[in-house]
J.: 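Below: one structure in C-alpha cells.
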2 protein chains.
Amino acid sequence: MPNSKPTPVTMDAVYTAPGYLFRRMQQIAVALFIEECKAFDLTPVQYAALVTISTHPGIDATRLSAVIAFDRSTLGNVIERLETKEFIVRKPAPEDKRVKLLYLTKAGASVLNDIMPSVDKAQARMLQPLKPADRKTLLSLLTQLVDLNNEASRVPLRAEDALEHLGRSG
Amino acid sequence: MPNSKPTPVTMDAVYTAPGYLFRRMQQIAVALFIEECKAFDLTPVQYAALVTISTHPGIDATRLSAVIAFDRSTLGNVIERLETKEFIVRKPAPEDKRVKLLYLTKAGASVLNDIMPSVDKAQARMLQPLKPADRKTLLSLLTQLVDLNNEASRVPLRAEDALEHLGRSG
DNA sequence: GCCATATTGTGAGTATACTGTCAATTAATT
DNA sequence: AATTAATTGACAGTATACTCACAATATGGC
C-alpha cells in the first residue's frame, strides 16, 4: 500500500450511495413529469396538492401538509400559486378563525381531470427501462422503505385516518 | 365538452406513483444525512462536490456539474458556500481566462476525511429497514434505473471518462 | 374566568434545482 | 484575419424544502 493520502476517496463514495441514487431518481422523475405535463402548467407537488384537495374538499393547509408529507411553510407557497392560477379557493372556516379551508374551482377540477393521462404517462416512463417484473419489485421495495422510514423524514406522512384523531374532534 | 363523467380520483393517484415515492425517499435521505452529519455543517450536495473536487483536483465548475449530474447554475451557489466555509479555493486557470479551477483546502480535506463515518452511517440507515437481500436488490434496480434514465434528466451525468473527450484536449 | 399551552397561517432566512440571459473569452469556419 | 460558434461563469427568476419565529386564535388545567 503506497502511503500518501489519509483516506483513498473515490467517486464510488458518491455514485454507489443510496442517497445519491435517490436524488438522481427524484431529478429524473421531476424532469419526466414536467416534460409530459408541460401543457398544463402544474408541477408534481402542485398536482399532489390538487389531488388531495379534490379527495378532501375543505381540508386546511396543515392537514394537507400531513396527508402529502409536505412541509407546512413550503405548502403555503404552493397553495398561493394554485390560488393565483385559480385552480383552488381559500375560504375562512366558520368555527375557527385561524383556519382557511381549501376547495377546487371548476378550472381546478377540469385541469386535474385532463392532466391524468399525462401524469400516468410520466409515471410509466420512470420505470419503463426496467423489465415488468423488476418494476413491481422496485415499487414494492420503495413503498416498504418509505413507510418504514416515515418517521425519519422531517415531515412524516400522517394518513387520512390518523388525521381524524388529531383534529378538533380528538 | 369531452368529459361529462369526471374520473374518480383517490389518494392512490399520489401514494402509489413512483414519482411520489422517489420524492419521499429523497426527503428521508436528506433528513438522515443532515441528522447524522450535523456536526460538520455539510449538506449532501456539498459533500458530493467536496468528494469530486478531492478526486479531481483542479476541476472547473462546468465539469464538476457534469460529474455529479448537477445543474451549473445551482452549483455556482454551492461552490460559493464551500468557498465561504474555506473548504475549497478557486484559482483562475492560466490557459483559459474564463475558467476557475477548484481545489480542496486543508480544512476541506480534513472535514471530508472526518465526515466519512457519519455519511456511511446515514447511507446505511436509509436502507436499514429492509432485509439485507432486499437492500441489494433495491440498490441494483435503482442503479440500473438511474443509468438507463440518465438522458431523461435535465442534467445528465457525464462520467469522468467521457469528460476527457469534451475538454480542451479533444 | 384566567393563564399556560398548543395550533394555524404567515414571514424571513437558507439551500437545492431548474429556466433563462448575458458578457467575456475561446474555438471553429471561412 | 475576421466573422461566427461555442464555452464559461455569473445573474435574475421561479419552485421546492427546510429552519426558526411570530401574531392571532383556540384549548385545557386550575
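Chain A is the first sequence line, chain B the second, and so forth, proteins listed ahead of strands; every chain is numbered from 1. The shown structure was predicted, so the numbers you read here are calculated from the model rather than taken from an experiment.
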J.: For dT8(D), does OP1 or OP2 lie under 4.0 Å from any side-chain N or O of R63(B)?
T.: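 So the side chain of R63(B) is within the cut-off, an N or O lying under 4.0 Å from OP1 or OP2 of dT8(D).
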J.: Can you list the residues that meet the ring pair (Phe, Tyr, Trp, His ring centres under 6.0 Å) rule with F87(A), with sequence neighbours excluded?
T.: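 Ring pair (Phe, Tyr, Trp, His ring centres under 6.0 Å) list for F87(A), sorted by chain: empty.
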J.: Suppose we define a pair by two distances each less than 3.5 Å, Watson-Crick or G-U wobble; what does dT26(C) pair with here?
T.: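 Base partner found: none.
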J.: For R24(A) and P156(B), work out which heavy atoms get closest and say how close.
T.: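 Scanning both residues, the minimum pair turns out to be NH2-CA, 4.2 Å.
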J.: May I have the distance from L82(A) (atom CG) to dA15(D) (atom C1'), rounded to whole angstrom?
T.: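 Taking CG of L82(A) and C1' of dA15(D), I get 12 Å after rounding.
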J.: Please check the phosphate of dT10(C) (OP1 and OP2 only) for any side-chain N or O of K100(A) closer than 4.0 Å.
T.: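 It does, given that an N or O in the side chain of K100(A) lies less than 4.0 Å from OP1 or OP2 of dT10(C).
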J.: I need the NZ-P distance between K97(A) and dA26(D), as an integer number of Å.
T.: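 Value for this atom pair: 6 Å.
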J.: Examine the base of dT26(C) for any acceptor or donor lying under 3.5 Å from a partner atom in the side chain of R98(B), and report the outcome as yes or no.
T.: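 Check fails, no donor-acceptor contact within cut-off.
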J.: In whole angstrom, give the distance that lies between atom CZ of F87(A) and atom P of dA15(D).
T.: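 So the CZ-P distance, F87(A) to dA15(D), works out to 12 Å.
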J.: From CG of D96(B) over to P of dT26(C), roughly how many Å is that when rounded to an integer?
T.: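 Computing the D96(B):CG to dT26(C):P distance gives 5 Å.
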J.: Say whether, by atom type as modelled, one donor and one acceptor occur between the side chain of T16(A) and the main chain of D12(A) under 3.5 angstrom.
T.: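 Side chain of T16(A) to backbone of D12(A), a donor-acceptor pair under 3.5 Å: yes, one is there.
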J.: Are any side-chain N or O atoms of T105(A) and backbone N or O atoms of E86(A), one a donor and one an acceptor, separated by less than 3.5 Å?
T.: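 Present.
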J.: Please give, in whole Å, the distance from dA10(D) P to L64(B) CG?
T.: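 Nearest whole value for this atom pair: 13 Å.
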J.: Could you identify which residues of residues 16-41 of chain A place a heavy atom less than 4.0 Å from some atom of DNA chain C, listed by residue number, or say none?
T.: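 Here the set is R23(A), Q27(A).
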J.: Heavy-atom contacts under 4.0 Å between residues 69-81 of chain A and DNA chain C, which residues?
T.: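 Contacts with DNA chain C under 4.0 Å: R72(A), S73(A).
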J.: Figure out the CD1/P separation between I59(B) and dG9(D), and round it to whole Å.
T.: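 Rounded to whole Å, this separation is 10 Å.
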J.: Given that Q46(B) and R90(A) both sit by DNA chain C, which one's nearest nucleotide is further toward the 5' end?
T.: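 Closer to the 5' end of DNA chain C: R90(A).
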J.: With syn defined as a glycosidic angle within 90° of 0 and anti as everything else, classify dA24(C).
T.: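 Anti conformation here, the glycosidic angle of dA24(C) being more than 90° from 0.
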J.: Quick one: does S54(B)'s side chain have a donor or acceptor within less than 3.5 Å of a partner on L50(B)'s backbone?
T.: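 Not at all, since once roles are kept as given, no pair shorter than 3.5 Å links the two residues.
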J.: Is K85(A) atom NZ crowded by more than 12 heavy atoms from other residues, nucleotides or ligands, each under 6.0 Å away?
T.: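 Check passes, neighbour count above 12.
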J.: Nearest-Å distance, CG (D60(B)) to P (dA10(D))?
T.: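 Value for this atom pair: 11 Å.
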J.: Examine distances only and state if a side-chain atom of N149(A) and a backbone atom of A152(A) form a donor-acceptor pair shorter than 3.5 Å.
T.: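 Absent.
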J.: Please confirm whether the backbone N or O of A69(B) pairs with a side-chain atom of Q27(A), one donor and one acceptor, at under 3.5 Å?
T.: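 Confirmed, Q27(A) side chain pairs with A69(B) backbone.
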J.: Quick one: does R135(A)'s side chain have a donor or acceptor within less than 3.5 Å of a partner on L127(A)'s backbone?
T.: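 Side chain of R135(A) to backbone of L127(A): a pair is present.
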